[in-house]
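First comes the structure, then the notes that go with it.
Just so we're on the same page: letters track the sequence lines, and every chain starts at 1.
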Number of protein chains: 2
Amino acid sequence: MATSDKTKTRDAGKTKARILAAAKKEFAKHGLAGARVDEIAERAKANKRMIYHYFGSKEDLFQVVLEEAYLDIRTAEQKLDLDNMPAMDALEKLVRFTWAYYLKNPEFITLVNSENLHRARHLKKSKLIPEISAKFVGMMDELLDRGVREGTFRLGLDPTQVNITIAAIGYYYLTNRFTGSIVFDRDLTAPEALAARIEFNVETIKRLVAA
Amino acid sequence: MATSDKTKTRDAGKTKARILAAAKKEFAKHGLAGARVDEIAERAKANKRMIYHYFGSKEDLFQVVLEEAYLDIRTAEQKLDLDNMPAMDALEKLVRFTWAYYLKNPEFITLVNSENLHRARHLKKSKLIPEISAKFVGMMDELLDRGVREGTFRLGLDPTQVNITIAAIGYYYLTNRFTGSIVFDRDLTAPEALAARIEFNVETIKRLVAA
DNA sequence: GAAAGAAGTAACTAGTTAGTGCATTATTGG
DNA sequence: CCAATAATGCACTAACTAGTTACTTCTTTC
């Protein structure tokens, strides 16, 4: 008989995955310091002991959550297939993708914020992150070169600055949408506001790179 | 005789100020959840009892620190005197000011990050912030209008989007400089890197608004 | 089908943390 | 100079929190 009838059967992989998902939520919501291990256990419907069994400590769990988050966005980026269209279109696609990813995965932003509050001390220990980052950086290198060859991009642009700027104009808007809505006295999270922002961002980047 | 001879004389104002300064540091370094009230008391060379006497609770203290931080940057902005120069120069001056302010007052960024993690629930209670924000928003309104009249800015720019973008390209770079230095495999905090970034940002904004 | 090991649980601990009760000391206005 | 008021200090507590001990239950393999 199959073991899937009663979900009470033991499954280390699934339990681990449930803990990771719960931890991601909790860390994203409260940051590393504000997150509660008991809360993660409850949300994951796992015993707290399991967290220490699989991940060792709260900090180690945070590191795994963070690595998975980076892995996820970098993997999605690789799937964009930016080589089969004009460089300017590819760049626009990347700007829209980045925005959409942040919108759909708000935990990514809060996790990265939390990690920077801790001066990237968990990311520094990671072997995985430099590897996948190199590919991501190379992507923009090639895209800018191609744009110059196609005559649509100006010469001498620093790929890192462009990458940072694309992230910045989306990330900042979203991470600071709560204080921003008060400062600018308008609901920055309204669908129309979000739609207006991504169009503005596309325009900003196009003007930035234009020949 | 003056009371200033021995600093052991009681001075409510100074004690309050010392607590505020210490709290700003502690909250900026560890966030609201990570900050320790005992640590603030020690740093302020004040008894913990004083914190509760003057500020009521950790959360109330955080709110005051945050309000002061916003008040400080908005006050500095008002002193820029942007009306006595061409609009394009004024805009560049604002971009450089914003960058320099973030660099010199890194606590501002971390405090705002922390407040957004808490969905701006402290800022929402503030009466002061909407007032000083309105002036700030009006400044950009006028600047953009003037630039259009001078023929250097394009028509139809949303002042809020421009304000957000100016903040974003500086803020994001600085708040994420730790993870960024790993992802891009270069020291984003090096003096040359900082100098390169502000020039890039000036260029980005000029191209964004150019007629 | 039994031994071995892996998955899971409950109750506990040692240390930490925000917040207080109460007594004491300085300052100020009459 | 003396009340009244405000500033300060000490010692405490109640609740919380990361991490653990000691155990039971299930699964797999030979």
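In this structure, B:His53 has no ring-ring contact (aromatic ring centres under 6.0 Å, His included) partners at least two apart in sequence or on a different chain. Not a single ring-ring contact (aromatic ring centres under 6.0 Å, His included) links A:Phe153 to another residue, sequence neighbours left out. Remark: B:Arg49 pairs with no residue by the salt bridge (charged side-chain N to carboxylate O under 4.0 Å, His left out) rule, at least two apart or across chains.
Interatomic distance, A:Glu42 CD to A:Glu39 CD, rounded to the nearest 0.5 Å: 5.5 Å.
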Expected rows: protein N/O vs nucleotides 13-15 of chain C N/O, under 3.5 Å:
none

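A:Thr175 and B:Asn116 share no side-chain donor-acceptor pair at under 3.5 Å.
A donor-acceptor pair is defined here as one N or O able to donate and one able to accept, closer than 3.5 Å; such a pair exists between the side chain of A:Asp187 and the backbone of A:Thr189.
In the region residues 33-59 of chain A, proximity to DNA chain C at under 4.0 angstrom, judged on heavy atoms, holds for A:Asn47, A:Arg49, A:Met50, A:His53, A:Tyr54.
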Compile the donor-acceptor pairs under 3.5 Å between side chains in residues 127-144 of chain B and protein atoms, sequence neighbours left out, one pair per line.
residue  : atom : partner  : partner atom : Å
B:Ser133 : OG   : B:Ile129 : O            : 2.7

